[in-house]
Amino acid sequence: MNILRTIKHTLLAQAYRCAAGILCRVGTRARRSTERQLLVVCSAFPPNVGGGVYRPLSWIRTAEEFAWRVTVATQSSDVVRSRAGKELLMRVPEDASVLRLPRIWIKPGRTFFPSTDGDLAMAFYHALVTIRRMKRAPPTLVLVSGPEFDNFTLARLVARYFRVPLVLDYRDEWSDSPFDFVRHGRDDRLYERRALDAARLAVFTTRSQLEANRLSFGATPERIVIPNGWDDDLFSPSDAPDTGDPRRSTITIRYTGNLGAHVDPAAFLSALAGASRQRPDLIDRVRIHITGSVPETVRRMLTELKLESLVSVDDAIPQSEVPRLLRQSDALLILYPRIMARYIPGKLYEYLATGRPILVIGDEGEVPDLVRTLRAGLVASGASPQALIEMVERLLDCAPHTFQTPERRRWVERHSRSEAARTLLRKLDGIAAECRIPGNGHTLSM
């Protein structure tokens with residue numbers, strides 16, 4: 001029975017693949033609207049909550065400023081499951097059209113069907129759905145954000161059908177990703193190569209990721225860095241921290257965001273327990289608050305190491321409440337394992353915008369380099385009891401405004417999400433102006 005089901009699913013997936021291939025080879029000569037239509041393809045979109053939501057949302061919120069009408073094609077459900085999700089959904093502009101792509105549940109045999117991150121069978125099906133829904137208002141340009149990276153194939157097919165430029169946005173790496181949230185298949189590199197060949201532009205969040213991609217896939221297409229940023233509609237000049245009391249007896253350290261396989265707090269918590277045994281007089285003056293998604297294994301570890309009095313865990317909160325929590329903290333924590341060396345987590349931008357001291361555990365890569373350059377906090381080479389003791393001692397000895405440097409303030413001014421979105425949209429304006437003639441000369445491989 002399972003074999004028959006696999007055969008059926010494989011034949012159905014191949015049918016979607018062939019239909020998308022034939023349709024995109026034929027293409028369209030649909031009449032262009034007088035309005036510029038931007039199609040944004042992404043998996044992460046409100047009311048879903050997660051780090052991948054904020055970057056596409058910032059483009060959509062800024063698009064009207066550049067006279068783009070936006071349609072979002074997303075696999076994200078419209079079911080609101082939390083206050084944070086409801087708040088994010090309210091931030092989507094009313095004039096943005098959202099195409100919620102239906103999920104299909106087929107599992108083709110891996111031997112007879114290509115496999116990549118995401119679901120290629122669904123990508124081919126969603127390409128057909130998106131093309132059908134977009135025919136009345138064809139896109140002027142297709143912008144896709146990954147992961148999930150099956151979206152790159154979906155977007156490539158749609159852009160090919162409408163004969164419009166394709167822009168790839170790498171929130172994370174694809175074939176070269178060191179993390180398991182990108183689920184590698186045997187054909188990732190092949191399909192990433194096809195997406196890059198079809199694209200006019202590839203956008204990365206860090207210089208390290210851009211260079212790694214160039215080394216893997218060659219010089220084309222054009223690549224640029226547009227980093228993430230802090231939400232300037234949530235933070236304001238009034239959010240600037242006060243100088244505080246340098247003689248404070250207790251310090252509050254906050255970590256915001258999810259903990260998991262790629263940010264494993266086990267070494268940090270073990271070091272914290274060791275530091276507490278070595279210097280209870282010092283560590284008892286510390287309170288660490290974790291706000292975000294925490295696996296049950298971490299909660300058990302807190303109990304086993306007897307850290308409940310030092311470390312508290314709270315559920316994720318709406319984004320609008322984050323600035324208040326950060327302002328109420330004496331220092332902000334980043335756990336930065338070596339595997340993240342090419343990455344800058346979104347929380348760092350928010351941390352920098354508060355002016356609070358930033359404590360980085362891990363000294364190799366983009367984040368510790370930036371914190372050192374901006375003189376925005378303290379960096380420890382790794383999680384050890386002695387490193388934590390020294391970090392706390394230095395933090396208690398410093399006035400909070402020590403880390404509010406001119407370099408930091410200038411950097412923060414240039415790195416809001418809206419400014420990053422404007423940089424991207426200016427680039428899209430230039431591409432749209434250059435590509436007046438249908439067709440881009442790329443051959444289509446399925």
Side-chain angles (χ1 to χ4, degrees), residues 16 19-46 53 55-78 89 91-103 122-146 150-169 195 198-201 203 421-422 424-440 442 444:
Y16 291 142
I22 293 170
L23 188 63
C24 293
R25 284 189 177 92
V26 173
T28 183
R29 296 183 181 275
R31 186 175 179 179
R32 298 279 176 254
S33 168
T34 55
E35 294 183 303
R36 297 191 304 170
Q37 305 282 340
L38 176 63
L39 174 63
V40 175
V41 181
C42 58
S43 295
F45 196 72
V53 169
R55 190 170 171 93
L57 183 57
S58 70
W59 307 333
I60 295 157
R61 288 173 59 83
T62 311
E64 185 180 5
E65 190 178 318
F66 289 77
W68 285 95
R69 288 190 61 84
V70 179
T71 298
V72 182
T74 180
Q75 299 174 32
S76 170
S77 167
D78 61 355
L89 192 58
R91 295 177 67 193
V92 178
E94 291 184 0
D95 60 350
S97 301
V98 182
L99 169 58
R100 304 279 178 179
L101 298 171
R103 289 187 174 271
M122 192 145 56
F124 292 126
Y125 172 71
H126 283 164
L128 296 171
V129 172
T130 304
I131 288 169
R132 185 176 73 248
R133 293 288 295 273
M134 295 294 295
K135 279 186 176 180
R136 291 188 177 182
T140 309
L141 187 146
V142 178
L143 170 60
V144 57
S145 185
D150 56 350
N151 282 327
F152 278 31
T153 296
L154 187 170
R156 173 171 64 88
L157 295 172
V158 174
R160 178 60 181 173
Y161 176 82
F162 288 109
R163 304 296 192 262
V164 297
L166 171 67
V167 174
L168 311 176
D169 178 65
R200 293 295 297 259
L201 178 70
V203 181
R422 290 186 188 101
L424 176 62
L425 287 161
R426 290 187 196 104
K427 193 70 179 178
L428 300 189
D429 278 355
I431 293 173
E434 293 170 4
C435 300
R436 299 297 186 187
I437 301 174
N440 56 15
H442 291 297
L444 182 69

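- Under the 4.5 Å side-chain criterion, counting only non-hydrogen atoms from C-beta, Trp68 is in contact with Leu141.
- Heavy atoms only, all atoms of each residue included: Ala63 and Val70 are closest at CB-CG2, 3.4 Å.
- At least one donor-acceptor pair closer than 3.5 Å links the side chain of Arg36 to the backbone N or O of Phe66.
- Across all their heavy atoms, Val53 and Pro56 have their closest contact at O-CD, 3.3 Å.
- Under the side chain to side chain contact (heavy atoms under 4.5 Å, CB included) rule, Trp59 has a single partner from Asp169, Leu428, Leu38, which is Asp169.
- Pairs of residues two or more places apart, or lying in two chains, never qualify as salt bridge (charged side-chain N to carboxylate O under 4.0 Å, His left out) while including a residue from residues 93-102.
- With sequence neighbours excluded, the residues that form a side chain to side chain contact (heavy atoms under 4.5 Å, CB included) with Ser58 are Arg417, Ala421.
- Distance check, rounded to the nearest 0.5 Å: OH of Tyr161 to CG of Leu128 gives 10.5 Å.
- Atom CG in Leu154 sits 6.5 Å away from atom CG in Leu101 (nearest 0.5 Å).
- Looking only at distances, no side-chain donor or acceptor of Thr71 sits under 3.5 Å from a matching main-chain atom of Leu39.
- The structure places OG of Ser76 at 8.5 Å from CZ of Arg103, a figure rounded to the nearest 0.5 Å.
- Nearest approach of Thr140 to Pro165, heavy atoms of both residues: O-CD, 3.4 Å.
- Other residues, nucleotides and ligands contribute over 12 non-hydrogen atoms within 6.0 Å of the CD atom of Glu65.
- Here the SG atom belonging to Cys42 is positioned 7.5 Å from the CG atom belonging to Asn151, to the nearest 0.5 angstrom.
- Looking at Arg136, its side chain never comes within 3.5 Å of a backbone N or O of Arg133 through a donor-acceptor pair.
- Residues passing the ring-ring contact (aromatic ring centres under 6.0 Å, His included) test with Tyr125 are Tyr16, sequence neighbours excluded.
- Between Arg426 atom CZ and Ile431 atom CD1 the span is 14.5 Å, to the nearest 0.5 Å.
- Of the inter-residue distances, the one linking Phe152 atom CZ with Leu166 atom CG reads 8.0 Å to the nearest 0.5 angstrom.
- Closest of all the heavy-atom pairs between Ser43 and Gln75 is OG-NE2, 4.4 Å.
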